[in-house]
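Worth saying up front: this structure is predicted, and the values here are computed from it rather than measured.
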Amino acid sequence: MSTRIAFLKGHGTENDFVIVPDPENAIDLPPAAVAALCDRRAGIGGDGLLHVVRSAAHPEAEGMAAEAEWFMDYRNGDGSVAEMCGNGVRVFARYLQRAGHVTEGDLAVATRGGVKTVHLAKNGDVTVGMGRAVFPAGDVTVSVGERSWPARNVNMGNPHAVAFVDDLSHAGDLLSPPPFSPAGAYPDGVNVEFVVDRGPGHVALRVHERGSGETRSCGTGACAVAVATARRDGADPTATGTPVTYTVDVPGGTLVITERSDGEIEMTGPAVIVAEGEIDLDWLEAATSV
């Protein structure tokens, strides 16, 4: 591990991240180290960690290097590896802009969920091309206490179960993963979104993110909710040729999700860098050895 590790802290609609720049993939970040850094009481604190690496320097991304110079090596707050994080991509792009690697306009970011297109707007918003939603077959049910609901199974590069409820309080405290059935529906766990209507084209959610617990926002979750709501409302842009847009309120702010006529989904929202500093390696080594 390097003798000096710089970090930044950022958030997208209050989905917050520890950012570790490491262009040459020289820093070892085992799960215990990630979990320690993301600890809100004993560490820096974050829903996840953005490890910023050049695609050519990372074995999981070198095949995407011709399309995207930078790879978002994303980790959940518990140290586990995740395929994608929509809010994370926006914050990742904002960091690249701050560091002078990119400017306003379009760029590509490699993720475990594929290469994502990003647009940095002059007004500060960031739009991410999130790809297409996949609807795995089979019925799914999620539960909280004595209540249970049918859920829409949506995959946005990572798995989601979207349940429409009468009141967001029905989601409970979301400290632990809401049970789902059948048990084999999500062998690697699932992000669960609880959704209420706010008005035409306008919904609100709470989410339990796999590996992180309840978070203030989830970008892929907002996309999954938008497409699930569109199908519930009888809208399918790939069939009608008419794009649909939903405003999705999350506890940390608002995201705007558009599903285009070709099925591609775009997410627009803010991304903010709030601090930077250096990690105390003696502390990290001690925290990792516990």
Side-chain angles (χ1 to χ4, degrees), residues 11-16 31 35 38-41 45-48 75-80 82-88 133-199 201-233 246-255 257:
H11 76 91
T13 51
E14 298 182 11
N15 195 187
D16 61 335
C38 291
D39 188 297
R40 296 195 178 279
R41 299 185 186 277
D47 294 321
R75 318 292 183 85
N76 293 314
D78 64 356
S80 60
E83 302 91 340
M84 241 295 285
C85 175
N87 289 317
V134 175
F135 300 95
D139 296 329
V140 177
T141 299
V142 298
S143 303
V144 175
E146 299 299 317
R147 293 187 174 97
S148 62
W149 304 267
R152 188 72 188 243
N153 191 351
V154 183
N155 193 288
M156 287 298 309
N158 56 357
H160 296 267
V162 180
F164 294 92
V165 299
D166 295 327
D167 191 297
L168 290 179
S169 66
H170 293 170
D173 58 26
L174 292 180
L175 294 176
S176 57
F180 60 83
S181 62
Y186 304 106
D188 298 317
V190 63
N191 305 287
V192 182
E193 287 81 26
F194 297 89
V195 187
V196 296
D197 289 295
R198 292 289 191 232
H202 189 180
V203 295
L205 68 79
R206 287 179 63 199
V207 57
H208 182 281
E209 283 198 63
R210 175 183 57 167
S212 297
E214 182 172 16
T215 59
R216 300 285 293 169
S217 181
C218 176
T220 56
C223 293
V225 164
V227 296
T229 306
R231 298 306 182 270
R232 184 205 63 178
D233 293 345
Y246 283 87
T247 298
V248 181
D249 292 339
V250 297
T254 298
L255 296 167
I257 313 298

Next item on the list: Mind running side-chain contact (heavy atoms from CB on, under 4.5 Å) on Glu14 and Ser217 for me, showing each step along the way?
Entry: CA-CA 6 Å; Glu14 298 182 11; Ser217 181; 5.8 Å; no
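- To the nearest 0.5 Å, atoms CG (Asp16) and NE2 (His11) are separated by 8.0 Å.
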Name the atoms and distances for all side-chain donor-acceptor pairs under 3.5 Å in residues 173-184, with sequence neighbours left out.
unit_1	atom_1	unit_2	atom_2	d
Asp173	OD1	Leu175	N	3.0

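- Of the N and O atoms on the side chains of Tyr186 and Asn191, not one donor lies less than 3.5 Å from an acceptor on the other residue.
- Within the 3.5 Å criterion, the main-chain N or O of Ser169 finds a donor-acceptor partner in the side chain of Asp167.
- Among Val250, Thr254, Asp249, Val248, the single residue meeting the side chain to side chain contact (heavy atoms under 4.5 Å, CB included) criterion with Thr13 is Val250.
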Using residues 134-146 as the side-chain source, report each donor-acceptor pair under 3.5 Å to any protein atom, sequence neighbours left out, with the distance given to one decimal.
none

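- If you run side chain to side chain donor-acceptor pair (under 3.5 Å) between Glu209 and each of Thr215, Asn76, Asn158, only Thr215 comes through.
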Check: Do Val225 and Val203 pass the side-chain contact (heavy atoms from CB on, under 4.5 Å) test, and can you show the C-alpha distance, the side-chain angles, and the key distance before you say yes or no?
Finding: CA-CA 8 Å; Val225 164; Val203 295; 3.8 Å; yes
Margin query: Test side-chain contact (heavy atoms from CB on, under 4.5 Å) on Asn15 and Cys85; report intermediate values, then the result.
Written below: CA-CA 10 Å; Asn15 195 187; Cys85 175; 4.1 Å; yes
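- Scanning both residues, Met156 and Cys223, for their nearest heavy atoms gives CE-CB, 3.8 Å.
- Across every non-hydrogen atom of Gly77 and Cys38, the tightest pair is O-CB, 3.7 Å.
- A salt bridge does not link Arg152 with Glu193: none of the charged nitrogens is closer than 4.0 Å to a carboxylate oxygen.
- Looking at Arg206, its side chain does come within 3.5 Å of a backbone N or O of Leu168 through a donor-acceptor pair.
- Between Asp47 and Arg40, at least one side-chain N (NZ, or NE/NH1/NH2) sits under 4.0 Å from a carboxylate O, which counts as a salt bridge.
- Here the CD atom belonging to Glu214 is positioned 8.5 Å from the NE2 atom belonging to His208, to the nearest 0.5 angstrom.
- Within the 4.5 Å cutoff, side-chain heavy atoms of Val162 are placed close to those of Val195.
- What you find for Ala133 and Val227 is that their closest heavy atoms are CB-CG2, 3.9 Å.
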Note to self: I'd like to know whether Leu255 forms a side-chain contact (heavy atoms from CB on, under 4.5 Å) with Tyr246, so could you lay out the CA-CA distance, the side-chain angles of the two residues, the decisive distance to 0.1 Å, and finally the verdict.
What the structure shows: CA-CA 8 Å; Leu255 296 167; Tyr246 283 87; over 6 Å; no
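- Taking the six-membered ring for Trp and thresholds of 30 and 60 degrees, Phe194 and Trp149 have ring planes more than 60 degrees apart, a perpendicular arrangement.
- In this structure the side chain of Arg210 never reaches within 4.5 angstrom of the side chain of Ser80, judged on heavy atoms.
- Within the 4.5 Å cutoff, side-chain heavy atoms of His160 are placed close to those of Cys218.
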